[in-house]
Amino acid sequence: QVVPVESGGGLVQFGGSLRLSCAASASGVSLKTMGWYRQVPGKERELVADITADGRKTYAPSAAGRSSIFRDDTKNTVDLQMSSLNSADTAVYYCKVDAATVGRKGWTRYESDIKTYWGQGTQVTVSP
């Protein structure tokens, strides 16, 4: 079981910056891609940025150039740094973690199918 917990949201000034953090409590799993999504009422949840287990990063066009995503596998965390915030960045931000359960049969290590886990979300509001 993986439980992602977000922190760092709140009210931010137009043109300002923020850092969102996600800590995934996890045991007996192998964390795969971790990332940040956002959603506004009436719209689908959309990718902001994600990072694979081997460090490959993907950014949405709206976030590229002003965002950075980091992961620390020693702490099971993934952070998102965003700058030059504008009204279009106002949304609920969700942490997404893909993970596989790790098991053993004798000396053989195996992994289950990958499952996706979502955090509860954190509100980010950009004020004019």
Side-chain angles (χ1 to χ4, degrees):
Q1 184 70 13
V2 178
V3 181
V5 178
E6 303 100 338
S7 61
L11 186 64
V12 186
Q13 291 270 344
F14 182 93
S17 62
L18 63 78
R19 188 179 184 103
L20 301 177
S21 296
C22 174
S25 64
S27 62
V29 298
S30 173
L31 299 183
K32 307 300 182 183
T33 299
M34 303 174 74
W36 286 92
Y37 286 66
R38 66 188 182 187
Q39 188 171 25
V40 297
K43 291 191 176 182
E44 291 191 359
R45 197 170 294 185
E46 63 176 15
L47 172 72
V48 179
D50 66 18
I51 179 168
T52 65
D54 59 1
R56 284 177 289 124
K57 302 176 183 181
T58 301
Y59 296 96
S62 60
R66 61 189 183 97
S67 303
S68 293
I69 189 167
F70 311 89
R71 67 186 284 166
D72 184 338
D73 289 330
T74 66
K75 300 177 182 178
N76 292 345
T77 60
V78 59
D79 289 4
L80 177 70
Q81 179 85 31
M82 292 186 70
S83 60
S84 301
L85 293 170
N86 57 67
S87 58
D89 296 314
T90 294
V92 178
Y93 284 70
Y94 296 90
C95 177
K96 173 179 173 280
V97 177
D98 294 335
T101 301
V102 178
R104 287 192 179 277
K105 276 189 177 180
W107 294 103
T108 303
R109 178 184 183 277
Y110 68 90
E111 293 187 356
S112 68
D113 291 342
I114 294 173
K115 294 183 180 179
T116 294
Y117 302 87
W118 292 95
Q120 291 295 311
T122 184
Q123 176 71 45
V124 172
T125 302
V126 181
S127 64

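One is the number of the first residue; the rest follow in order along the sequence.
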As an exercise, state the distance from [atom1] of [X] to [atom2] of [Y], rounded to the nearest 0.5 Å.
{"X": "Leu80", "Y": "Cys22", "atom1": "CG", "atom2": "SG", "result": "11.0 Å"}
{"X": "Thr125", "Y": "Gln13", "atom1": "OG1", "atom2": "CD", "result": "12.5 Å"}
{"X": "Leu85", "Y": "Thr90", "atom1": "CG", "atom2": "OG1", "result": "8.5 Å"}
{"X": "Lys57", "Y": "Asp50", "atom1": "NZ", "atom2": "CG", "result": "11.5 Å"}
{"X": "Ser17", "Y": "Asp89", "atom1": "OG", "atom2": "CG", "result": "11.5 Å"}

Side chain of [X], backbone of [Y]: donor and acceptor closer than 3.5 Å?
{"X": "Glu46", "Y": "Arg38", "answer": "no"}
{"X": "Ser83", "Y": "Arg66", "answer": "yes"}
{"X": "Gln123", "Y": "Gly9", "answer": "no"}

Check the hydrophobic clustering (I, L, V, M, F, W, Y; side-chain heavy atoms under 4.5 Å; chains of links allowed) and say if [X] and [Y] are grouped together.
{"X": "Trp36", "Y": "Trp118", "value": "no"}
{"X": "Val92", "Y": "Ile69", "value": "no"}
{"X": "Phe70", "Y": "Met82", "value": "no"}
{"X": "Val2", "Y": "Tyr94", "value": "no"}
{"X": "Leu47", "Y": "Tyr117", "value": "no"}

Open item on the list: Taking atom CD as the centre, does Glu111 end up with more than 12 heavy-atom neighbours from other residues, nucleotides or ligands that are less than 6.0 angstrom away?
Closed with: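 Yes, enclosed.
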Which atom pair, heavy atoms only, marks the closest approach of [X] to [Y]?
{"X": "Glu6", "Y": "Gly121", "value": "OE1-N, 3.0 Å"}
{"X": "Val78", "Y": "Cys95", "value": "CG1-SG, 3.9 Å"}
{"X": "Ala24", "Y": "Val97", "value": "CB-CG2, 4.2 Å"}

- [ ] Show the numbers, then the answer: is there a side-chain contact (heavy atoms from CB on, under 4.5 Å) between Val124 and Leu20?
- [x] CA-CA 9 Å; Val124 172; Leu20 301 177; 4.1 Å; yes
Open item on the list: Show, in sequence, the C-alpha distance, side-chain angles and deciding distance for Val48 and Tyr37, and conclude whether the side-chain contact (heavy atoms from CB on, under 4.5 Å) test is met.
Closed with: CA-CA 5 Å; Val48 179; Tyr37 286 66; 5.5 Å; no
- [ ] Among Asp79, Thr77, Leu31, find the one that has a side-chain contact (heavy atoms from CB on, under 4.5 Å) with Arg71.
- [x]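 With Arg71 as partner, Asp79, Thr77, Leu31 yield a single side-chain contact (heavy atoms from CB on, under 4.5 Å), made by Leu31.
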- [ ] Look at Asp98 together with Lys96 and state whether they make a salt bridge at an N to O cut-off of under 4.0 Å.
- [x]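 Salt bridge between Asp98 and Lys96, a charged N being under 4.0 Å from a carboxylate O: yes.
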Open item on the list: If you define the side chain from C-beta out and look only at heavy atoms, does anything of Lys75 sit under 4.5 Å from Ser21?
Closed with: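 Not touching, per the 4.5 Å side-chain cut-off.
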